[in-house]
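So the structure is just underneath, and the comments pick up after that.
When a ligand or atom number is given, it counts from 1 through the structure's own listing order. Both backbone and side-chain heavy atoms feed into the values below; hydrogens, waters and symmetry mates do not. Please read these numbers as outputs of a predicted model, since none were measured by experiment. The first residue of the sequence shown is numbered 1, and numbering continues consecutively from there.
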Amino acid sequence: MPADSTVNFNVLHRTCKLVVLLCFLHISVTLIFYVRSLDIRFAFVQNQQSNTPADVRSTNLTTKVTLKDILTPKGPVTAAQQEEAKDEVQVKVEESPKKLEKCPETSPLLVGPLRVEFSSPVSLEQTRKENPNVEAGGRFRPGDCEALQKVALIIPFRNRDEHLKYWLYYLHPILQRQQLDYGVYVINQDGDEIFNRAKLLNVGYAEALKEYDYDCFVFSDVDLIPMDDRNTYKCFSQPRHLSVSMDKFGFRLPYNQYFGGVSSMSKQQYLKINGFPNNYWGWGGEDDDIYNRVASKGMSISRPDGTVGKCRMIRHDRDKQNEPNPQRFDRIAHTRETMHKDGINSLSYKVMKIEKEPLYTKITVDVGKP
Ligand code: BGC
């Protein structure tokens, strides 16, 4: 073989080896990058799957991990670090609660006149299902705006479970449409001593305030249902009488000073009259005493008009241990003298039981006897 061709062959041989080496290097580098990209994609998918359904939470979690990755040296994440990261995410979520706008003065959800009847029975289960946004203890607040008032609904009670079912069935949807931040308190008189409605209302006021910063109190008999949701169960600049045209009285006021059935008072109005009397045992007179208290403090009664204020009463026989109180006329005649020492400032009672039912809070109390 000539020397020239030997040199050429050697050059070719070396060039080929170099090319093969370069190819090998190229393939290796490509492989390394490919494997690494697979790793990242796998981690991303895993991260997506472990996120909670809440979008905000998942976004924060992803951001947090990425930042931590950048700022801290690489290495396996310990359980403690993971816990810490979770806490940080939690704090972030709590720090930025959605600030709601105030609800409008008149709720846009109101529908006006309602059909109210008591011929077919209603169940608590059905009412609970139809009001999924009512929370344990009968608490609700609007989800899309901040309620203008925090209202405690106080119901004096004993052995009227059938009436309570109707009350809850009709009132929960109405109160939600009225966009109130509210809670329902059923104040159940323990034992079988003579009934004391006004004292139970005082207990309701005191007990509700232990739970939440209510600024308005609606006092409602368990057997009265409004027939129009424009009759808002809230407080006004003057104490409000809400049950102004009851079917029982031919849809009119029985007398001008009538303040029975359903009424509302702000905390200030209630305190101004020293709450309600504690010594009206049996039926009648306590609402007239409350009227006298309001009038004696220079306040007037505000009322909805006769159409909006229509309501139905569930017919029933007179309760046992709630006979007409023969002392009521004498007591009403002396409200101005007695009201400063008999009221919320002299209230004493014993709570026997507090039950958080799905649609209401039931507080059983021993209010003593005459
Ligand atoms: C009683 C009130 C009662 C009203 C209407 C009055 O005689 O004193 O307590 O609400 O009648 O029945």
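- Every residue meeting the disulfide (SG to SG under 2.5 Å) condition with C235, not counting sequence neighbours, appears here in chain and number order: C216.
- Remark: the Y182 side chain and the H172 side chain contain an N/O donor-acceptor pair separated by less than 3.5 Å.
- Note on residues 209-218: pairs passing salt bridge (charged side-chain N to carboxylate O under 4.0 Å, His left out), not counting sequence neighbours, are K150-D213, E207-K210, E211-K356.
- Between the side chains of D288 and Y255, a donor-acceptor pair is found at a separation under 3.5 Å.
- For the salt bridge (charged side-chain N to carboxylate O under 4.0 Å, His left out) condition, the pairs that include at least one residue of residues 221-248, sequence neighbours left out, are E105-K234, R160-D223, R177-D229, R197-D221, D228-R230, D247-R312.
- Judged purely by distance below 3.5 Å, without hydrogens or angles, the side chains of S119 and E117 pair a donor atom with an acceptor atom.
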Starting from the N and O atoms of ligand 1, find every protein N or O within less than 3.5 Å and list the pair with its distance.
residue, atom, partner, partner atom, Å
ligand 1, 8 (O), G285, N, 3.1
ligand 1, 8 (O), D288, OD2, 2.6
ligand 1, 9 (O), G285, N, 2.8
ligand 1, 9 (O), D287, OD1, 2.6
ligand 1, 9 (O), D287, OD2, 3.3
ligand 1, 10 (O), D287, OD2, 2.6

